[in-house]
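Scroll down for the structure; my scribbles are underneath it.
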There are 2 protein chains.
Amino acid sequence: MSKPAIAKGTRDFLPSEVIKRNYIFDTIRSVFKTYGYLPIETPAIELLSTLTGKYGEEGDKLLFKILNNGDYLAKANPEALANKDSNKMLSSISKRGLRYDLTVPLARYVSMHQNDIQFPFKRYAIQPVWRADRPQKGRYQEFYQCDADMVGSESLMYEAELLQILDTVYQKLNIDTVIKLNNRKILQGIAEVSGQSENFMGITVAIDKLDKIGREKVAVELTNIGMDNEAANTILDLIEIKDINEIATKLSSSETGMLGVSEMNEVMDYMSDYTLNNKIEFDFTLARGLSYYTGCIIEVVADASSYPDLRMGSISGGGRYADLTAMFGLKDMSGVGVSFGAERIYDVMEECNLFPDSVMKSLDVFFVSFDPESHKYAYQQVSALRAKGVSADLYPEGAKMKKQMKYANGTGAPFVAVIGSDEVSAGVMAVKEMATGEQNNLTLEELLEKLK
Amino acid sequence: MSKPAIAKGTRDFLPSEVIKRNYIFDTIRSVFKTYGYLPIETPAIELLSTLTGKYGEEGDKLLFKILNNGDYLAKANPEALANKDSNKMLSSISKRGLRYDLTVPLARYVSMHQNDIQFPFKRYAIQPVWRADRPQKGRYQEFYQCDADMVGSESLMYEAELLQILDTVYQKLNIDTVIKLNNRKILQGIAEVSGQSENFMGITVAIDKLDKIGREKVAVELTNIGMDNEAANTILDLIEIKDINEIATKLSSSETGMLGVSEMNEVMDYMSDYTLNNKIEFDFTLARGLSYYTGCIIEVVADASSYPDLRMGSISGGGRYADLTAMFGLKDMSGVGVSFGAERIYDVMEECNLFPDSVMKSLDVFFVSFDPESHKYAYQQVSALRAKGVSADLYPEGAKMKKQMKYANGTGAPFVAVIGSDEVSAGVMAVKEMATGEQNNLTLEELLEKLK
């Protein structure tokens with residue numbers, strides 16, 4: 001006998017949790033489909049040669065590595081074995097790992113299947129990923145990502161489309177959000193007009209922390225990477241501007257900065273006819289750490305004015321990357337994508353009570369019966385209902401009515417049908433509406449009508 | 001730059017493949033729901049202490065093992081390290097592995113969450129599993145299982161219910177099948193009346209091969225496990241009986257055998273009112289290798305009379321197990337379940353052209369445009385259609401019409417809308433129905449009406 005246990009950082013999901021999670025996934029999927037994104041799937045297991053070096057040194061450490069099958073030590077690096085050098089031995093005993101995100105597999109996929117797909121290629125994927133992070137509240141080693149990406153066009157139409165996808169998904173999920181928008185080229189322009197072009201990467205890293213550590217500490221970080229106080233404050237003043245026209249006047253001397261402004265204006269122009277359901281705002285403090293972004297960057301947070309007590313980071317993010325597939329040899333493929341943080345979206349919806357009651361109803365009607373004869377009769381009614389697509393179930397045997405009713409309650413079915421010998425001889429069922437307690441004798445046809 | 005490659009035995013799925021696979025999964029899921037089964041999910045990563053020893057020695061070898069993170073050699077068994085003993089070293093450098101099936105995780109789940117769920121517990125799961133089998137045609141290292149199981153009742157109602165689930169799913173998928181039914185107790189009865197009770201496990205192993213190696217070779221196997229020719233032939237004659245009443249007369253001296261017969265009759269009695277869409281037959285040659293089955297056993301094959309050229313093994317299977325959760329300390333939990341072989345179902349549907357055309361339509365309408373102005377106009381139309389839930393898309397920029405039309409064709413959209421300056425000024429779109437070539441100028445409302 002094994003003591004039942006689960007691996008650290010992983011989770012079992014109860015039915016009620018799966019049903020709510022699927023509600024989120026299904027909502028996102030339906031919007032992706034409406035916008036013409038196609039589903040692809042890549043395997044959980046990838047070659048380590050595909051994964052390693054794509055997520056930085058820290059990422060490499062967080063990859064789950066699969067031990068080669070069979071006598072894996074036979075081909076182990078003898079020197080590493082002698083020195084107990086785990087790092088050095090790794091490639092000789094493990095050639096595969098678990099997917100760390102959906103973006104690198106997308107790049108590999110597009111490179112490998114470039115002749116089977118047409119560009120622009122619009123794909124979505126909703127799949128689990130694995131990271132050997134230290135588990136903590138809200139952080140798991142196995143979790144889902146929900147990504148939509150377009151690869152193969154520079155058109156800013158796709159930025160607009162993805163903003164509308166974000167807006168539509170959050171409307172359907174009934175979460176009020178603020179969709180924040182920036183452009184790497186504007187940040188480059190800000191660095192340029194502040195005379196700090198050579199510090200660009202350092203600037204993005206520093207201002208990425210603004211939310212967390214505040215303006216003063218970011219100013220210190222900026223001076224730490226080699227600029228004086230004045231330049232640091234110039235940059236901080238510029239990124240705190242909220243108005244696109246105001247930033248345009250400040251960046252007029254920077255060609256890159258002005259290109260960023262014109263890109264932002266073109267994206268908004270595409271959306272001029274579209275009625276937003278969420279707030280959308282320019283936020284030049286938005287940097288997003290990922291170094292592969294080159295144009296627009298997007299981040300979504302739950303709207304603090306709707307949920308003042310909620311403490312939650314961004315629930316979606318994305319942006320434009322000029323050359324993602326180059327790492328697998330396919331060049332000049334500009335792409336743009338967004339990713340929904342399903343785990344955090346779940347937490348927001350739970351904390352703020354946003355799941356509609358209707359989501360939780362899995363069973364339409366549950367049957368209980370008094371004796372073997374009425375049980376068989378009940379089975380036939382259930383069977384007839386199921387044939388009509390109604391979700392119906394019954395207690396398996398003539399247990400005590402109290403036990404059966406307790407189980408019926410536990411199913412959450414809105415209707416419970418009670419069958420005894422009277423009902424069998426009359427060809428009806430005593431149907432109780434659980435919300436009101438109202439009870440009626442109904443025929444199968446009448447019950448079907450009521451359930452519609 | 002990495003050369004893009006995929007791990008042996010794993011697969012990428014193109015959009016058309018994902019769409020067809022999801023059609024199968026969605027069909028199965030909808031029937032599971034109708035029958036009151038609830039979804040659960042367990043993690044891909046399980047402790048090796050949960051998995052090891054549950055699938056036999058061969059199964060242990062086929063488990064994917066995950067290397068411990070960090071300096072895994074620090075805690076490696078020094079003796080095993082010195083002797084390069086892969087087996088002995090394993091537990092000291094790997095404590096987790098990948099899910100091998102959905103049944104052992106179910107048993108672990110039910111044992112761990114016995115206070116969070118109510119019994120009878122009806123769950124379904126549709127998730128990938130991993131086996132380090134040698135890859136070959138139709139056999140992959142990562143593949144999906146689709147299981148429905150009930151745990152916690154001995155009622156034969158559930159056998160009937162699962163047979164109806166099989167029948168309904170295959171009707172919805174439009175695959176003609178033969179659902180074969182047997183009972184381990186009948187096989188025990190056959191062994192008993194042949195005076196071979198002590199050889200029962202050997203008998204099930206031998207007759208499991210009847211389809212593949214034929215009667216004569218099975219007879220040889222039976223004599224090899226210690227019975228004479230006459231006993232072997234008695235057994236073979238008995239299992240080839242097709243009629244439940246005939247087997248009943250032969251087994252009248254075996255209490256266990258007669259219990260099996262009465263179980264089969266009770267299952268069929270539950271279904272007496274149900275109209276079958278597939279063939280169902282008793283098949284006493286059906287043994288199914290899995291040793292944990294104790295009552296009814298079920299296997300489904302595509303109907304050879306409908307698909308004479310098809311060569312395919314069973315596409316579903318299942319049965320009753322008296323004590324599955326005992327391995328995790330929870331005793332006396334009788335269960336019964338079925339599993340759909342989604343990969344083989346896919347192959348059957350592909351080979352026999354059973355996927356409906358409607359499944360493949362992912363986009364309702366695709367837009368092409370002549371110039372920047374009509375492109376922006378087209379974007380607004382597309383945006384308006386998407387807001388109505390119509391799946392619509394457009395080519396991103398004013399490329400050559402030939403290129404745009406080629407792309408439009410590639411999307412498989414049944415309607416293509418062409419926008420030029422004439423259409424913009426008239427406020428219409430030139431909509432071509434791709435199947436007929438018919439073209440009409442339509443307003444947005446007229447197009448919406450046409451798409452209904």
Side-chain angles (χ1 to χ4, degrees), chain A residues 1-2 4-5 7 10 12-15 18 33-36 38-47 49-50 64-67 69 71-73 84 86 94 96 108-109 111-112 116 118 120 132 142 153 155 157 270 273-274 327-329 362-363 379-380 383 386 389 391 393 396-397 407 410, chain B residues 1-2 4-5 7 10 12-15 18 33-36 38-47 49-50 64-67 69 71-73 84 86 94 96 108-109 111-112 116 118 120 132 142 153 155 157 270 273-274 327-329 362-363 379-380 383 386 389 391 393 396-397 407 410:
Chain A
M1 190 198 109
S2 319
T10 69
D12 283 333
F13 294 105
L14 290 170
V18 176
K33 277 187 189 172
T34 303
Y35 278 75
L38 296 168
I40 70 164
E41 284 185 15
T42 61
I45 297 176
E46 291 273 2
L47 294 172
S49 57
T50 297
F64 279 104
K65 288 111 186 167
I66 294 169
L67 202 55
N69 288 98
D71 185 11
Y72 57 91
L73 284 179
K84 292 183 77 171
S86 292
S94 169
R96 290 161 298 184
R108 178 193 59 68
Y109 181 102
S111 303
M112 278 182 77
D116 307 319
Q118 59 178 359
E142 176 172 343
S153 165
S155 172
M157 171 181 103
Y270 268 111
D273 256 36
Y274 178 81
M327 61 175 109
F328 296 106
S362 51
L363 207 58
Y379 185 84
Q380 286 163 5
S383 192
R386 289 167 171 171
S391 178
D393 209 350
E397 57 215 301
Y407 188 95
Chain B
M1 189 198 109
S2 319
T10 69
D12 283 333
F13 294 105
L14 291 169
V18 176
K33 278 185 191 173
T34 303
Y35 278 75
L38 295 169
I40 70 163
E41 284 186 15
T42 60
I45 296 177
E46 291 274 1
L47 294 172
S49 58
T50 297
F64 278 104
K65 287 113 187 164
I66 294 169
L67 203 53
N69 288 98
D71 185 11
Y72 56 91
L73 284 180
K84 294 183 76 170
S86 292
S94 168
R96 289 161 300 183
R108 178 193 60 69
Y109 181 102
S111 304
M112 279 182 76
D116 307 318
Q118 60 177 359
E142 175 172 343
S153 166
S155 171
M157 172 181 102
Y270 269 111
D273 256 36
Y274 179 79
M327 61 174 109
F328 295 106
S362 50
L363 208 58
Y379 184 85
Q380 285 163 4
S383 193
R386 288 167 171 171
S391 177
D393 209 350
E397 56 215 303
Y407 187 95

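Reminder, nothing fancy here: chain letters follow the sequence lines and each chain counts from 1.
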Query raised in the report: Among B/Gly36, B/Ala132, B/Pro120, which has the most heavy-atom pairs under 4.5 Å with chain A?
Result: B/Pro120
Requested in this report: Among A/Tyr35, A/Tyr270, A/Tyr274, find the one that has a ring-ring contact (aromatic ring centres under 6.0 Å, His included) with B/Tyr379.
Outcome: A/Tyr270
Query raised in the report: Picking from B/Leu363, B/Leu47, B/Thr10, which has the most non-hydrogen pairs under 4.5 angstrom with chain A?
Result: B/Leu47
Query raised in the report: A/Lys65 versus B/Tyr72: any side-chain heavy-atom pair under 4.5 Å?
Result: no
Query - Short side-chain to backbone donor-acceptor contact, B/Glu142 and A/Ala44, under 3.5 Å - result: yes
Query raised in the report: Which of the residues A/Ser94, A/Pro15, A/Gly410 is involved in the greatest number of heavy-atom pairs with chain B at under 4.5 angstrom?
Result: A/Pro15
Requested in this report: Please answer whether the main-chain N or O of A/Leu73 pairs with a side-chain N or O of B/Ser86 as donor and acceptor at a distance below 3.5 Å.
Outcome: yes
Query raised in the report: So, does A/Glu41 use its side chain to make a donor-acceptor pair with the main chain of B/Phe13 at under 3.5 Å?
Result: no
Requested in this report: Would you mind checking which part of B/Lys33 comes under 4.5 Å of any heavy atom in chain A, side chain (CB onward), backbone (N, CA, C, O), both or neither?
Outcome: backbone
Query raised in the report: So which part of B/Ile40 gets closer than 4.5 Å to some heavy atom of chain A, the side chain, the backbone, both or neither?
Result: both
Query raised in the report: Which answer fits B/Gln380, side chain, backbone, both or neither, if we ask what part of it has an atom under 4.5 Å from a heavy atom of chain A?
Result: side chain
Report summary line: Comparing B/Ser155, B/Ala7, B/Ser383, B/Pro39 against chain A, the one with the most heavy-atom pairs below 4.5 Å turns out to be B/Pro39
Report task. Pick whichever of B/Leu14, B/Ile45, B/Asp116 has the most heavy-atom pairs under 4.5 Å with chain A. Result -> B/Ile45
Report task. Kindly indicate whether the side chain of B/Ser362, heavy atoms from C-beta on, has any atom under 4.5 Å from the side chain of A/Leu38. Result -> yes
Requested in this report: Measure B/Ser153 against the heavy atoms of chain A and call it side chain, backbone, both or neither at under 4.5 Å.
Outcome: side chain
Query raised in the report: Can you name the closest pair of heavy atoms from A/Phe64 and B/Arg96 and give their distance?
Result: CE2-NH1, 3.5 Å
**Report entry** Residue part contacting chain A, namely of B/Asn69, when any heavy atom lies under 4.5 Å
**Finding:** side chain
Report summary line: Counting heavy-atom pairs under 4.5 angstrom with chain B, the leader among A/Gln118, A/Met157, A/Glu46 is A/Gln118
